Amino acid sequence: KNEVEQSPQNLTAQEGEFITINCSYSVGISALHWLQQHPGGGIVSLFMLSSGKKKHGRLIATINIQEKHSSLHITASHPRDSAVYICAVYSGGGADGLTFGKGTHLIIQP
Amino acid sequence: EAGVTQFPSHSVIEKGQTVTLRCDPISGHDNLYWYRRVMGKEIKFLLHFVKESKQDESGMPNNRFLAERTGGTYSTLKVQPAELEDSGVYFCASSQAVTGESPLHFGNGTRLTVT
């Protein structure tokens, strides 16, 4: 069973700051997802990655398969980035669903 | 394209009653997943459909939960009889390929409160 740990659990930062959210997992995976959930809203998939790095706008996701670790970075953070960011992994091997971390609650203050 | 839609958005029922949640996936997505977040916990997998077939239902908590996907289109998740611990947010997601091969598209969730 994969254990997914995210850090920090809560993060408050000022607008413009560079944000890093970390995710580590215990068992090898096929893919890792970064998800975003705004208060009262649905879940949006930001990235799915299995190696290396992906970039979309101000968001960057990296993964180190050997170290079983991924990071989500937000450059030039903005109050609209305030949300819960969730890391989820897919281990395969007959278990079809994602295993989720508890999420990081991010608040960007103007 | 229309996203994943879930109905209702909120449901408040009494313990012992029955509730049916509905999910309409993105058209053409064969893979449909149900997930649940109970208060204070992480989101957990319930089950996975490929078209109308249950591929993996290892996450279903007990036999009070019944999921169907007639004709491989929309899916329903019925809870009968509901218990207090069933309260939470139920998310549906769909994808073209299986979890590790294509992104998941989530619905906005159904918030279920059992009193």
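All of these numbers come straight from a predicted model, not from anything done at the bench. So that the names make sense, note that chain A is the first sequence line, chain B the second, and so on, each numbered from 1.
Among all heavy-atom pairs drawn from G97(A) and D56(B), the shortest one is N-OD2, 4.4 Å. Residues R37(B) and I86(A) share a closest heavy-atom pair of NH2-CD1, 3.5 Å.
Taking D81(A) as the reference, R58(A) meet the side-chain hydrogen bond (donor to acceptor under 3.5 Å, both in side chains) condition, with sequence neighbours excluded.
A continuous path of hydrophobic side-chain contacts links L49(A) to L46(A) [ILVMFWY only; heavy atoms under 4.5 Å]. Y85(A) and Y25(A) fall within a single hydrophobic cluster, where Ile, Leu, Val, Met, Phe, Trp and Tyr are joined by side-chain heavy atoms under 4.5 Å apart, directly or via other members. Hydrophobic clustering, with ILVMFWY side chains joined whenever heavy atoms are under 4.5 angstrom apart, groups F65(B) together with L32(B). Residues F47(A) and I19(A) fall within the same hydrophobic cluster, defined by Ile, Leu, Val, Met, Phe, Trp and Tyr side chains chained together at heavy-atom separations under 4.5 Å.
To the nearest 0.5 Å, atoms CD1 (I43(A)) and CD1 (I43(B)) are separated by 3.5 Å. Here CD of Q37(A) is found 4.5 Å from CZ of F91(B). Values are rounded to the nearest 0.5 Å.
Applying the disulfide bond (SG atoms under 2.5 Å apart) rule to pairs touching residues 1-64 of chain A yields C23(A)-C87(A), sequence neighbours excluded. Among residues at least two apart or in separate chains, there is no salt bridge (Lys or Arg N to Asp or Glu O under 4.0 Å) pair with a member in residues 11-32 of chain A.
Annotation for Q14(A): atom CD counts as buried by contact number, over 12 foreign heavy atoms lying within 6.0 Å. Annotation for K54(B): atom NZ counts as buried by contact number, over 12 foreign heavy atoms lying within 6.0 Å. Within a 6.0 Å radius of CD in Q96(B), no more than 12 heavy atoms belonging to other residues, nucleotides or ligands are found.
Using a 4.5 Å cut-off between heavy atoms, L32(A) makes no contact with chain B at all. I29(A) does not touch chain B: none of its heavy atoms, backbone or side chain, sits under 4.5 Å away. For R111(B), no part lies near chain A; criterion is any non-hydrogen pair under 4.5 Å.
The stretch residues 99-110 of chain A places F100(A), G101(A), K102(A) near chain B, each with some heavy atom under 4.5 Å from a heavy atom of that chain.
Between the side chain of Y35(B) and the main chain of L98(A), a donor-acceptor pair closer than 3.5 Å is present.
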